[in-house]
Amino acid sequence: MADFRPKSEFLAALIERGYLHQCSDLEGLDAKARAGELIAYIGFDCTAPSLHVGSLLPIMMLSWLQKTGGKPVPLMGGGTTRVGDPSGKDEARKILSIEAIEENKDGIKRVFSKFLKFGDGKTDAVMPDNAEWLTKLNYIDFLRDVGRHFSVNRMMSMDSVKLRLERDQELSFIEFNYMCLQAYDFVELNKRYGCIAQMGGSDQWGNIVTGIDLGRRMGTPQLYALTSPLLTTASGQKMGKTHSGAVWLEADMCSPWDYWQFWRNAEDADVARFLKLFTFLPMDEIARLAALGGAEINEAKKVLANEATALVHGREAAEQAAETARKTFEEGVAADTLPTVEISAAEMDAGVGVLTAFVQAGLVASTGEARRQIKGGGLRVNDAPVADERGVLRAADLRDGAIKLSLGKKKHVLLKSK
RNA sequence: GGGGGAAUGUCCCGAGCGGCAAAGGGGGCGGACUGUAAAUCCGCUGGCUAAGCCUUCGUAGGUUCGAGUCCUACUUCCCCCA
C-alpha cells in the first residue's frame, strides 16, 4: 500500500488525508472510482437519537465520495438495531422499541442532510434501512439461500471471534449471527443499488470481508472493503467526549458554541490530523497551518473550530461562536452571545443564592458540587472568585443586564432576569 | 439437573474484622504552570443553604442497640460436574 499511487480523486483524497486504514483491493477500487462507478455504503446504528463526533469520520468519507463523483449510501441499521449489536462486550444492551428506533432514525437523517445531497441523480445519496429486507427474512429460507454460504470454520478464525474464544469469553449465537446479517446487507445493497464497496471503522474489517465473501458465493460482482483508522486523541483518549458527555452533531443536543469549543480545545498534536479529517480545507492550507508552532498553533485551532462548526451548524453559527470566543477569551468581556439562563424578575429581586444560581445555570450538578468548587476556587461571579457560599446575587450585580457566572476558565453562563 | 462463586458509591474497575458516607485506582471536574494545548504537581469526586439531617452496597424479608458485612428466599451473571 505504501507504494500505491491512486489515480482516482477519491482514493487520492482519502489517502492523503489519512482516512485509509485497510483496503481489500486498492487497484480495483481505484479503477471503479476513476470510472465514476463507485457506489459505497456505511452502516449506522439507530441506538441514539442523533450522531456524535465519533461518527463524523465515516460521514466525512461518504461526503468525500460524493464530492469526487461517487454515490454514497448511508445505511440505517433499523433492522439490526432491533436485535442489538452485542459486540460492545459484556454490556447487555437494552432492546430498543421500534418507535424509539424510528425516532432515532429521523434524528440521524437530519445530520446526514447537512453533509450529503440526497435525490435520484447519479451521485445523489440514498438512505435505505436494512429493516426493509431483514425483517422480512424467513429463517428457513435464509438458512437455505444465504446461511449455507457461511463457513463456520472461517468465521472461527476471524479476530473478533478468535480472540473471544481464546480468552474464554462468552460469544452469543446472536453475536455470531450479527456479521451474517451485515454480510447479507452488503449483498442486498449490491442487488438494490449496485453498491460495490463497504466502508467502516477498522473494527468492521472482518464483517465487511465476510460480506465480500458472501457476495462472491452468491454471484455478485467483485465487492470491496475499505476501513478507516480507529480514532483516538493524541493522548489516547476516545474521541468526542467532554464533561457533558458525547459531542452531538445536532444544535439542540450540543450548541454550536460548545461544538466550536470542543474543536478549539483540541490537543496540539491532533490539530493537523483533525484539519485533514474534519475539514474540507485544501491540503496546502492545512500544511501552512500545521507548520505553526508554539502558541501560534492556536490560530490553527481556531480555523479547525470554524471549519468543523461550519460543516455542522453553518457558517454563520460558526462565526458567531468564534466572535463569542474572541470577546470572552481575548478581550475578557462578557459576550452577550454566551449561553444564557433566565430567571424571573421576582426571583432576582428577592435575591438568588450563589449555590442555587450556579446549579440553575447548569454549571454544577448540585449545590454540594458548587460548595466544593468554591473551596477549590473554581467559581466566579462577574469574574470575581466566589468566597462565601452563602452569598446572594441581586439585581445590583447585573452588568449590562446580566450576571456572568463562570466555572473554571472556560465555562461561562450569563444569568439574566426577565 | 447437581455443585461452587459473584453482584459495592447508578461513569468504570475494585477493597471492605458487625459501628461505614464505605480503602485504592481509572475517568471526570477544579487549581497552579502555560497558549482556552500536552506533560507535571495539588485539591475535589452521594443529596440537602449543611457543626446537623437524609438516601446509598442486586431484590425482599429476618437476626442484632447497630448489617455492605450474619441468616432465609428470590433475581441476574460466571465457573465446574452431568
Side-chain angles (χ1 to χ4, degrees), chain A residues 86 88-95 164 167-172 232-247 257-275 289-290 292-306 308-309 321-335 338-339 347 350-381 383-393 405-413:
Chain A
K89 286 182 191 166
D90 35 46
E91 198 84 0
R93 215 164 275 182
K94 55 180 179 244
I95 306 291
R164 298 285 283 279
R167 281 194 232 137
D168 245 16
Q169 282 176 333
E170 172 86 358
L171 179 69
S172 72
T232 54
T233 66
S235 45
Q237 297 301 310
K238 252 182 245 155
M239 179 80 192
K241 287 181 73 183
T242 60
H243 61 285
S244 43
V247 179
W257 160 252
D258 285 327
Y259 194 76
W260 195 93
Q261 282 297 316
F262 169 75
W263 293 105
R264 173 65 243 270
N265 285 303
E267 297 175 27
D268 287 9
D270 284 328
V271 174
R273 198 159 53 107
F274 286 180
L275 281 168
L289 291 167
L292 297 173
E296 284 192 323
I297 201 170
N298 283 325
E299 291 310 311
K301 290 185 187 181
K302 287 178 202 167
V303 175
L304 172 65
N306 285 342
T309 305
E323 178 58 12
T324 303
R326 197 187 60 76
K327 281 188 184 154
T328 306
F329 294 105
E330 292 175 27
E331 283 182 28
V333 188
L338 280 171
E347 277 181 280
V352 188
V354 256
L355 300 176
T356 316
F358 275 92
V359 172
Q360 285 189 0
L363 288 169
V364 293
S366 63
T367 59
E369 189 187 338
R371 280 170 215 276
R372 278 180 238 124
Q373 291 292 3
I374 288 172
K375 276 191 201 121
L379 298 189
R380 277 168 295 136
V381 172
D383 297 315
V386 178
D388 180 12
E389 59 185 45
R390 292 171 176 278
V392 175
L393 304 181
L405 305 179
S406 311
L407 167 66
K409 285 178 291 194
K410 297 182 189 175
K411 285 165 238 133
H412 310 280
V413 170

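Every chain is numbered from 1, with letters handed out A, B, ... down the list of sequences. Reckoned from all heavy atoms, side chains included, excluding hydrogens, waters and symmetry mates.
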For A:Arg372, report the nucleic acid contact type (base, sugar-phosphate, nothing); a contact means any heavy atom under 4.0 Å.
sugar-phosphate
Which of these nucleotides, B:U36, B:A37, B:C48, is closest to any side-chain atom of A:Thr367?
B:C48
State which of B:U36, B:U49, B:G47 makes the closest approach to the side chain of A:Phe329.
B:U36
Polar side-chain contact A:Lys409-B:U34 base: donor and acceptor under 3.5 Å:
yes
A:Lys410 vs B:G35: side-chain N/O to OP1/OP2 distance below 4.0 Å:
no
Which atom pairs, donor and acceptor, lie under 3.5 Å between side-chain atoms of residues 351-372 of chain A and protein residues at least two apart or in another chain?
residue	atom	partner	partner atom	Å
A:Ser366	OG	A:Gly368	N	3.4
A:Ser366	OG	A:Glu369	N	3.1
A:Glu369	OE1	A:Ala365	N	3.1
A:Arg371	NH1	A:Glu389	OE2	2.6

Phosphate oxygens OP1/OP2 of B:U36: is one of them under 4.0 Å from a side-chain N or O of A:Lys302?
no
Identify the heavy atoms of A:Ala300 and A:Leu292 that sit nearest to each other, and give their distance.
N-CD1, 4.2 Å
In whole Å, what separates the C1' atom of B:C11 from that of B:G66?
32 Å
Give one of base, sugar-phosphate or nothing for A:Gly368, where a contact means two heavy atoms less than 4.0 Å apart.
base
Could you tell me whether the side chain of A:Gln261 has a donor or acceptor atom within less than 3.5 Å of a complementary atom in the base of B:U36?
yes
Which part of the nucleic acid, if any, lies within contact of A:Gly353, taking any heavy atom under 4.0 Å across all strands shown: a base, the sugar-phosphate backbone alone, or nothing?
base
When rounded to the nearest 0.5 Å, the distance separating OG1 of A:Thr324 from CZ of A:Phe329 is 10.0 Å
Looking at A:Asp383 and A:Ser406, what are the two nearest heavy atoms and their distance?
OD1-OG, 4.4 Å
Heavy atoms under 4.0 Å, any strand shown: does A:Ile297 hit a base, just sugar-phosphate, or nothing?
base
Looking at every strand, decide which applies to A:Lys375 at a 4.0 Å heavy-atom threshold: base, sugar-phosphate, or nothing.
nothing
Whole-angstrom distance between B:A82 and B:G14, as gauged at atom P
30 Å
Indicate, with a heavy-atom threshold strictly under 4.0 Å, whether A:Ala266 touches base, sugar-phosphate, or nothing.
sugar-phosphate
Nearest non-hydrogen partners of A:Gln261 and A:Ala325, listed with the distance:
NE2-CB, 3.9 Å
Think A:Arg371 has a side-chain N or O under 4.0 angstrom from the OP1 or OP2 of B:C29?
no
